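Side chains included, hydrogens not; waters and symmetry mates left out as well; all remaining heavy atoms used. Note that the coordinates shown come from a computational prediction; the quantities given were computed from them, not determined experimentally. Lettering of chains follows the sequences in order, A, B, ..., and the numbering in each one begins at 1.
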2 protein chains.
Amino acid sequence: MANMRFISLENPTSEESCRIIKEGLRKKAMIIIFSCCKVRYYGRAKSRLGPGERLIIIKPDGSFLIHQDRKVEPVNWQPPGSKAKVKIEDGKILVESIRRKPAEKLMVEMEKVHTLSYYLVKDVHELEVAGHEEDMRRLILESPDIIEKGFRPITREYQTSNGFIDILGKDENGSLMVLELKSRRAGVSAVRQLKRYLEDFKDDKHGVRGVLVAPSITHDARELLEAEGLEFKSLEPPRELKKGYKMTLDKFISSR
Amino acid sequence: MANMRFISLENPTSEESCRIIKEGLRKKAMIIIFSCCKVRYYGRAKSRLGPGERLIIIKPDGSFLIHQDRKVEPVNWQPPGSKAKVKIEDGKILVESIRRKPAEKLMVEMEKVHTLSYYLVKDVHELEVAGHEEDMRRLILESPDIIEKGFRPITREYQTSNGFIDILGKDENGSLMVLELKSRRAGVSAVRQLKRYLEDFKDDKHGVRGVLVAPSITHDARELLEAEGLEFKSLEPPRELKKGYKMTLDKFISSR
DNA sequence: ATATCAATGTCGGAG
DNA sequence: CTCCGACGTTGATAT
């Protein structure tokens with residue numbers, strides 16, 4: 001059993017639970033508890049959750065999650081870097097997690113632990129994702145003609161008094177073009193954002209074109225856009241994952 | 001054992017795992033799996049996650065979470081309403097979760113299941129929270145003098161061409177006041193938002209005051225605010241939970 | 001179903 | 001450390 005990478009208990013006593021949770025915290029394990037509990041939180045906001053059965057997760061990095069049987073979001077949580085402590089009070093297990101700045105405290109009082117386990121986790125891989133606004137930006141900078149024939153980018157992240165323009169460029173006639181990128185369906189707020197950027201250029205002699213670039217646009221946004229004399233260019237964010245990147249990197253490292 | 005509200009297995013075979021997961025899905029249980037797995041996702045974006053040990057949660061409402069040993073957010077997930085299926089392929093367990101609209105698919109391929117359990121969850125309570133923007137709004141509408149002596153709200157959620165104003169009112173001299181509320185430290189984006197709302201009123205004869213109401217403000221936001229002739233009022237969101245609300249409601253229901 | 005907006009948003013990157 | 005903006009944001013509410 002010396003090799004055991006995890007421990008799992010059913011219906012442990014409070015004393016057993018307390019001991020195992022402490023052990024898990026000391027070993028920087030991922031601790032999983034299914035129990036009937038009450039929860040209180042105080043910090044940026046304040047909350048209270050009456051008794052019920054929930055899943056509690058304490059991660060090696062200090063992240064602390066309490067999940068109900070619905071929704072993707074935890075009902076209560078603490079971020080990475082938080083410090084957890086456990087003790088017994090009136091025969092019940094109390095788990096606290098504290099964050100220093102901002103000062104926040106999460107308190108879990110367990111009536112009954114159904115299962116308790118901890119795991120010494122081996123996981124080195126990071127998620128690889130494609131399809132973000134940044135992927136669109138790269139695509140446009142590499143292949144500007146995707147926007148329209150003759151489009152030439154000048155800068156990315158150009159600062160105006162109303163925030164940063166995603167891409168600034170010129171069309172084939174030399175007129176300035178301000179591109180606002182959205183990786184998802186664009187709403188009126190995206191149009192308003194584009195409109196604000198253009199305020200800095202309203203004295204430009206050649207005239208300036210504002211172009212919203214997104215996979216699609218809502219009805220209201222389209223109306224506002226046209227009323228403001230702006231343009232829409234439909235573009236899907238590229239969803240290409242780099243092929244074999246990690247493999248190559250691994251090879252490089254192991255072959256040195 | 002007929003009363004058993006949960007099942008928990010250590011190092012189950014693929015066949016056992018598949019059977020138990022199916023059973024859990026059928027019973028609308030909360031399924032918890034700790035396993036070495038690879039993950040792929042395709043939908044609004046696309047992602048790939050190489051092999052590693054992770055915690056997988058399938059909730060009765062269809063929510064599907066994959067948690068690594070760090071961070072609060074799941075590395076991959078599906079929202080409530082998604083449909084999960086499980087099968088064995090090449091001796092490995094494949095779990096898929098599909099969402100119809102937008103079309104999204106999550107695929108988990110498990111190399112080795114360390115623990116597998118499911119729970120028939122009893123949890124009726126909802127979280128009670130205080131400290132939101134809405135709590136600030138209520139406080140101001142109930143006690144307008146908190147903003148300044150003589151302040152009188154006219155409407156909440158007043159619509160402009162640039163979105164909804166949180167609270168519109170008048171000061172003791174009859175000048176219009178536009179309040180923008182933030183329950184957290186306000187940044188430049190909050191000031192820009194307030195600035196936009198005021199555009200609709202720039203022709204007002206009495207002059208209009210724009211007031212950002214938040215517990216604090218960033219340095220840059222303060223500078224922009226002052227340059228634009230706007231004001232800042234420091235106000236903490238009240239963090240008062242209703243006392244004994246549920247108790248009273250329960251009593252009411254049980255006493256009918 | 002769609003659109004809008006708050007959130008203990010979380011998270012990453014830049015200054 | 002703070003600040004700023006993107007996110008497969010999620011979740012709730014109003015239309």
Checklist entry - Which atom names give the shortest non-hydrogen contact between A:Asp123 and B:Gly52, and what distance separates them? => result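 Shortest heavy-atom contact: OD1-CA, 3.9 Å.
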
Checklist entry - Can you name the nearest heavy-atom pair linking B:Leu181 to B:Glu133, along with the distance? => result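 For B:Leu181 and B:Glu133, the tightest heavy-atom pair comes out as O-OE1, 3.2 Å.
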
Test of understanding: with salt bridge (charged side-chain N to carboxylate O under 4.0 Å, His left out), list the residues that count as partners of [X], not counting sequence neighbours.
X: B:Arg70; answer: A:Glu126
X: B:Arg196; answer: none
X: A:Lys59; answer: none
X: A:Lys87; answer: A:Glu89

Checklist entry - When you list every nucleotide of DNA chain D with an atom under 4.0 Å from a heavy atom of chain A, which one comes first 5' to 3', and which comes last? => result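 Range of nucleotides touched by chain A: D:dT2 to D:dA12.
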
Show me, pair by pair, the donor-acceptor contacts under 3.5 angstrom made by side chains of residues 214-221 of chain B, not counting sequence neighbours?
residue	atom	partner	partner atom	Å
B:Ser216	OG	B:Arg185	NE	3.1
B:Thr218	OG1	B:Ala221	N	3.3
B:His219	NE2	B:Glu223	OE2	3.3

Item to check | Same-atom distance (C1') from C:dT8 to D:dA14, integer angstrom | outcome: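 So the two C1' atoms sit 25 Å from each other.
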
Checklist entry - Between D:dC4 and D:dG8, how far is it from one P atom to the other, in whole Å? => result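 Here D:dC4 and D:dG8 have their P atoms 22 Å from each other.
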
Next on the checklist: Within residues 53-62 of chain B, which residues have any heavy atom lying less than 4.0 Å from an atom of DNA chain D?
Outcome noted: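 By residue number: none to list.
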
Item to check | Inter- and intrachain pairs under ring-ring contact (aromatic ring centres under 6.0 Å, His included), touching residues 31-72 of chain B, at least two apart | outcome: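 Found A:His67-B:His67, A:Tyr119-B:Phe34, B:Phe34-B:His114.
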
Next on the checklist: Within this structure, what is the CG-CG distance for the pair A:Leu224 and A:Leu212, rounded to the nearest 0.5 Å?
Outcome noted: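 Rounded to the nearest 0.5 Å, the CG-CG separation comes out at 10.5 Å.
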
Checklist entry - What distance do A:Arg48 atom CZ and B:Leu241 atom CG have between them, rounded to the nearest 0.5 Å? => result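 Answer rounded to 0.5 Å: 5.0 Å.
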
Checklist entry - Would you find more than 12 non-hydrogen atoms of other residues, nucleotides or ligands less than 6.0 Å from B:Arg40 atom CZ? => result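 Count not over threshold, so no.
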
Next on the checklist: Per the salt bridge (charged side-chain N to carboxylate O under 4.0 Å, His left out) rule, what does the pair list look like for residues 97-108 of chain B, sequence neighbours excluded?
Outcome noted: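 For residues 97-108 of chain B: B:Arg44-B:Glu104, B:Glu96-B:Lys105, B:Arg99-B:Glu104.
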
Checklist outcome for this item: For nucleotides 5-15 of chain C, 5' to 3', base contacts (B), sugar-phosphate-only contacts (S) and non-contacts (-) with protein non-hydrogen atoms under 4.0 Å give SSSBSSSS---

Checklist entry - So what does A:Arg185 hit on the nucleic acid, given a heavy-atom distance under 4.0 Å: a base, only sugar-phosphate, or nothing? => result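 Counting heavy atoms under 4.0 Å across all strands, the contact made by A:Arg185 is with sugar-phosphate only.
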
Checklist entry - Which dot-bracket notation, 5' to 3', represents the base pairing of DNA chain C when pairs are defined as Watson-Crick or G-U with both distances under 3.5 Å, crossing pairs as [ ], and inter-strand pairs as |? => result |||||||.|||||||

Next on the checklist: I'd like to check the side chain to side chain donor-acceptor pair (under 3.5 Å) partners of A:Glu226; sequence neighbours left out, ordered by chain and number.
Outcome noted: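 Side chain to side chain donor-acceptor pair (under 3.5 Å) list for A:Glu226, sorted by chain: empty.
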
